[in-house]
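Here's the structure, in C-alpha cells; my notes come after.
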Number of protein chains: 2
Amino acid sequence: MIANLSITEENYIKAIYHLQQTDGNVTTNEVAEMLHTKAASVTDMLKKLNAKNIVNYAKYQGFTLSDDGRKIALSIVRKHRLWEYFLVEKLQFGWDEVHEVAEELEHISSLKLVEKLDAFLEYPKFDPHGDPIPDVNGKMVYQPQINLTDLPPSELAEVTAVGSQSTELLELLKHKKIAIGTKIIIKKKFLFDNSIEIKLQNQAAFTISQQLAQALFVKKTPNE
Amino acid sequence: MIANLSITEENYIKAIYHLQQTDGNVTTNEVAEMLHTKAASVTDMLKKLNAKNIVNYAKYQGFTLSDDGRKIALSIVRKHRLWEYFLVEKLQFGWDEVHEVAEELEHISSLKLVEKLDAFLEYPKFDPHGDPIPDVNGKMVYQPQINLTDLPPSELAEVTAVGSQSTELLELLKHKKIAIGTKIIIKKKFLFDNSIEIKLQNQAAFTISQQLAQALFVKKTPNE
DNA sequence: TAATTATTTTAGATTCGCCTAAAATATTAT
DNA sequence: ATAATATTTTAGGCGAATCTAAAATAATTA
C-alpha cells in the first residue's frame, strides 16, 4: 500500500520522523520551522497525510507517524544515507558537503536502484556522519554511544556521530580535524565554562567549547 | 545565466532538443505527443521558456532552442547518459532497464556531482545505447554510423546505437541477443517485405524485420 | 479562575502545470 | 481562390502547495 508520494509529502514525512525521534509527539510549529514553511501549510499537509493514514493526527493535539508512515520515513532515510555513503566513498566528496545532494537523491523512486546501490556499496551499516543505515526492512544497528560531555577523562574513545549536519558545525570539525572514527581522549574539564581539553592521535592537546563537545558522540574503545 | 529550472521545464527543453535533432523546426503537437500532454499545455510552457530566452518562438511558426536553451539541453543529456552508464557499468543494470531511472536522476542539480561522477566513471564517451555523452562544454564525439538498412551485404559491421529506448525494442533486442558492440553481417535482403537476413558471431543466420533493421545503427569495421 | 499569550486551524488568494472548449491561424484540397 | 481540414493559441477552470490574515483553541500567568 505504499502510495505514490510527491517529493513534498516525502519531505514532510521525513521531518516528522526526525522530530519524533527526540520529541515523541510532534507539533505544527516544529515542522514548519524545520521545513522553512508556515504553520498553515503544515496543517494543510497534515490533513492530506492523515487522509492517507500516514500520520495519526487530531486537531490541536499534535501528531505522530503511523506504522505505514514510519516505514516510508525509514525507506527515505535509508536512501539518504546510502547516497551519502556513495558520495563520500566512491565519488570522493567531503563528508561535510554531501547532505544537500543526498536531499535530492533520496527522492529517486526506483526500489531496484536502492537495492543495487546497497549491494555495490557492500551493505554499509553507517553513513559518513556515523548515523546507522536502515536495511531493506527498516532495521538498523543500534550503536551504544555517549555524548562527549559524558565521557570520563583519560578514557580512549572514538567519534561515532555528530549532532547535526549544519555547515557551520561541519566546517568547524574539518578545521579541527575531527571526523567519524577519530580517536579522542579527554585531558581535563573546566568547570568555569564547561570547555574540555581533548587530545587526538599525534597532535597536541587543545580545548573545545561546551557547544562543540555537546555536538560530538563517541563510543568507548578498549585501550589497546 | 543558467536559471533555476523546474523538472517540468527541463523535460520540455529536453524534448525540444531531441525533436530538433531530426526536424530542425519543432512544432507544438510534436512536443505534446512526446511528453504525453496536450497542445495547449505546450503553448503555455513555450511562452514561459520564451520569456526566459530559452526558445526562439513566434506564434504559429514553430520554434527552436536558443543558444542558452541548447546548453541547458546538453547538460541534461550529459547527466542522463552518464547516469545510464553508471547504472549499467557499476550497478549491473541491464541496458534495457536504465532509461526510466535515468529520467529521474538527470534532474539532480549539483554540478559538482556530475563532474565527480564523470571522473569516477573515467570519462566515458558513449552511453550503453551507443549514444555519445556530451562533455562538460557540451561537445560530443561524432560517430560515423549508418542505418543497418544501408549496410551493403557481406560487410562486417558493429552495432553502435539503437533508434529508440522503447521497452518493446529493447526487449526484442535482448531476445535476439543484439546489443551495442555486437558484430553483424548482412547475408541477404528480401525485397518483398524488406526483411534482412543477418548473421552474428557464433550463431546461425536469422531474419529480422524491416522495422527492426531501421532501429539499428552500425559502423563498418575493417575486416580483420 | 479569568485574562493574556501562544499555537493551531480556517478562509481566501496566488502560482504552477495541466485540462477542455472555442477562436484564430495555417495548410491542403477542390 | 475558396472551402475544408488541421494545427495552434486563447480563455477559463482545476488541483497541489504555498501564503497572509483572521478565528478558534490551548497554555500560561496574574
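All values reported here derive from a predicted model rather than from experimental measurement. Chain A is the first sequence line, chain B the second, and so forth, proteins listed ahead of strands; every chain is numbered from 1.
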OP1 or OP2 of [N] versus the side-chain N and O atoms of [X]: is any pair under 4.0 Å?
X: A/T37; N: D/dT18; value: no
X: A/K38; N: D/dT18; value: no
X: A/Y12; N: D/dA16; value: no

Is the shortest side-chain N to carboxylate O distance from [X] to [Y] below 4.0 Å?
X: B/K79; Y: B/E84; result: no
X: A/K174; Y: A/E97; result: no
X: B/E197; Y: B/K189; result: no
X: A/R78; Y: A/D118; result: yes

Discussion item. For A/F63, run the side-chain contact (heavy atoms from CB on, under 4.5 Å) check against A/T27, A/N25, A/L46, A/L49 and tell me which one passes.
Written reply: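 Testing A/F63 for a side-chain contact (heavy atoms from CB on, under 4.5 Å) against A/T27, A/N25, A/L46, A/L49 leaves exactly one candidate, A/L46.
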
Worksheet entry | Proximity of B/F86 and A/F86 rings by center, below 6.0 Å |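 B/F86 vs A/F86: aromatic centres under 6.0 Å.
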
Nearest whole angstrom, please: distance from the [atom2] of [N] to the [atom1] of [X].
X: B/I7; N: C/dC18; atom1: CD1; atom2: C1'; answer: 16 Å
X: A/H36; N: D/dC19; atom1: NE2; atom2: P; answer: 12 Å
X: B/M45; N: D/dT10; atom1: CE; atom2: P; answer: 16 Å
X: B/N25; N: D/dT8; atom1: CG; atom2: P; answer: 10 Å
X: B/Q61; N: C/dT25; atom1: CD; atom2: P; answer: 11 Å
X: B/E33; N: D/dA6; atom1: CD; atom2: P; answer: 16 Å

Discussion item. Using the salt bridge (Lys or Arg N to Asp or Glu O under 4.0 Å) criterion, which residues pair with B/K14? Sequence neighbours excluded.
Written reply: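 Here the qualifying residues are B/E103, B/E106.
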
Worksheet item: On the ring face of B/Y57, is B/K47 found with NZ or CZ under 6.0 Å from the centre and within 45° of the axis?
Response: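 Because its charged atom misses either the 6.0 Å distance or the 45° angle limit, B/K47 does not stack over B/Y57.
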
Discussion item. Taking any heavy-atom pair under 4.0 Å as a contact, classify B/S41: base, sugar-phosphate, or nothing.
Written reply: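 Base contact.
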
Just the table, please: protein N/O against nucleotides 10-14 of chain C N/O, every pair under 3.5 Å.
from   : atom 1 : to    : atom 2 : distance (Å)
C/dT10 : OP1    : A/K59 : NZ     : 2.5
C/dT10 : OP2    : A/K47 : NZ     : 2.9

Fill in: Heavy-atom check, side chain of B/Y123 versus side chain of B/I133, under 4.5 Å
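No, side chains not in contact.
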
Identify the pairs formed between an N or O of the protein and an N or O of nucleotides 5-7 of chain C at a distance under 3.5 Å, and give each distance.
none

